[in-house]
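Some notes on the structure that comes next.
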Protein chains: 2
Amino acid sequence: MKIGEFSKKSGCSIQTIRYYEREGLLLNPNRSEGNFRLYDSKALKQLEFVKHCRSLDISLNDIKRLIELKNTPEESCSSVNALIDQQLALVNKRMKELRALKAELQQMASACGSDNTIEACGIIKTLDS
Amino acid sequence: MKIGEFSKKSGCSIQTIRYYEREGLLLNPNRSEGNFRLYDSKALKQLEFVKHCRSLDISLNDIKRLIELKNTPEESCSSVNALIDQQLALVNKRMKELRALKAELQQMASACGSDNTIEACGIIKTLDS
DNA sequence: ATAGAATCTATAGTAACTATAGAGTCAATA
DNA sequence: TATTGACTCTATAGTTACTATAGATTCTAT
């Protein structure tokens with residue numbers, strides 16, 4: 001299939017597919033006579049792997065590492081574990097930050113009942129302090 | 001004070017300060033004879049406002065809007081309210097995403113006890129499906 | 001033969017910074 | 001007085017993960 005169909009099947013935009021190829025996350029596909037990219041179901045699986053990783057917010061660099069690791073199936077998977085643990089730590093950190101952030105925003109929202117002037121607005125006062 | 005001291009007092013890097021100035025978040029400071037930027041305590045307050053907003057993850061564009069709003073103190077603060085509400089919605093959305101993400105990552109981490117080969121690793125299997 | 005759709009490459013834009021190069025300024029020392 | 005070193009200046013490029021555009025080709029259908 002050509003890139004248009006590949007894009008629809010995978011749910012990735014055409015530009016993103018070409019970008020992933022440039023970045024080495026997808027193998028260089030075969031080309032048609034007229035230089036159009038040609039994909040098969042194997043390529044689709046590869047792209048789905050990448051998409052799944054991205055949905056977990058794993059960076060393109062880490063995905064590249066995972067792909068390399070996949071190509072050495074006989075080795076220990078401790079690096080894979082480490083990568084996921086690291087990702088989990090990142091997520092926990094961000095969640096903590098977001099919780100604090102949410103608390104402050106909520107407090108600010110309640111600091112301004114509704115219809116003040118900007119001068120009297122509790123939100124601006126909070127931000128100013 | 002010159003930018004070095006301003007940077008230390010505010011906790012913003014020198015580049016970031018100059019960047020905020022270019023982006024219109026800080027007023028153009030006076031310059032010394034030799035063209036060095038000169039800041040006073042008023043400028044510090046302005047920068048602290050920006051920093052506080054950034055710590056709440058408010059975008060530079062929205063901060064710019066807040067600054068403009070601050071300059072019309074007699075008007076209604078409903079726009080300020082709306083902006084904070086919108087920010088809160090964003091945070092809630094991201095928290096929800098992160099919770100889902102965390103759940104999947106945890107499940108993956110537990111799918112691989114510890115010392116498999118990559119071929120047998122539950123994590124890679126999950127990512128492949 | 002030709003119109004229109006799809007594809008190609010190369011390049012620039014996005015957000016919010018960070019980092020660098022190369023030049024100029026300033027205060028203190030030899 | 002000359003010079004060293006710290007500080008600052010502007011302009012530009014790099015970061016991440018894409019998205020968008022321009023201009024040229026290729027293919028398909030009438």
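Below, all heavy atoms of this structure are taken into account, side chains as well, without hydrogens, waters or symmetry copies.
Between A:R31 and B:I58, it is A:R31 whose nearest contact on DNA chain C lies nearer the 5' terminus. Remark on DNA chain D: of its neighbouring residues B:N35 and A:E33, the 5'-side contact belongs to B:N35, judged by nearest-heavy-atom nucleotide. Judged by closest nucleotide on DNA chain C, B:N61 is the one of B:Q15 and B:N61 placed further toward the 5' end.
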side-chain contact (heavy atoms from CB on, under 4.5 Å) between A:R18 and A:R37: does it pass, once the steps are laid out? CA-CA 10 Å; A:R18 293 200 273 240; A:R37 287 171 179 81; 3.4 Å; yes

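For A:I17 and C:dC8, the CD1 to C1' distance is 14 Å, given to the nearest whole Å. Distance, A:Y39 OH to C:dC8 C1': 12 Å, rounded to whole Å. If you take CZ of B:F36 and P of D:dT8, they are 7 Å apart, rounded to a whole angstrom. For the pair B:E5 CD and D:dT8 P, the computed distance is 9 Å after rounding to whole Å. If you take CD1 of A:I3 and P of D:dT26, they are 17 Å apart, rounded to a whole angstrom. Residue B:L60 contributes atom CG, which lies 14 Å from atom P of C:dT14 at whole-angstrom precision. C:dC8 atom P lies 12 Å from atom CG of A:N28, rounded to whole Å. Taking atom CD1 of B:I14 as the reference point, atom C1' of D:dT10 lies 14 Å away to the nearest angstrom.
Set against C:dT18, D:dT10, C:dC17, the side chain of B:R37 has D:dT10 as its closest nucleotide. Of the candidate nucleotides C:dC26, C:dC8, D:dT10, D:dT10 has the atom lying nearest to any side-chain atom of B:R18.
Cluster annotation: A:F36 is not connected to A:L47 through the hydrophobic network of ILVMFWY side chains, with a link wherever side-chain heavy atoms come within less than 4.5 Å. Residues B:L44 and B:L66 share a hydrophobic cluster, clusters being chains of Ile/Leu/Val/Met/Phe/Trp/Tyr side chains in contact below 4.5 Å.
When the side-chain nitrogen and oxygen atoms of B:T16 are compared with OP1 and OP2 of C:dC17, none of them lie within a distance under 4.0 Å. Taking 4.0 angstrom as the limit, A:Y19 places none of its side-chain polar atoms (N or O) nearer than this to OP1 or OP2 of D:dT16. Contact annotation: A:R54 reaches the phosphate of D:dC18 (side-chain N/O to OP1 or OP2, under 4.0 Å). Look at A:Y20 and you won't find any side-chain N or O under 4.0 angstrom from OP1 or OP2 of D:dA17.
Applying side chain to side chain donor-acceptor pair (under 3.5 Å) to B:E5 and the options B:K9, B:K2, B:K8 leaves one that passes, B:K9.
With respect to A:R65 and A:D62, a salt bridge is recorded, a charged nitrogen being found less than 4.0 Å from a carboxylate O.
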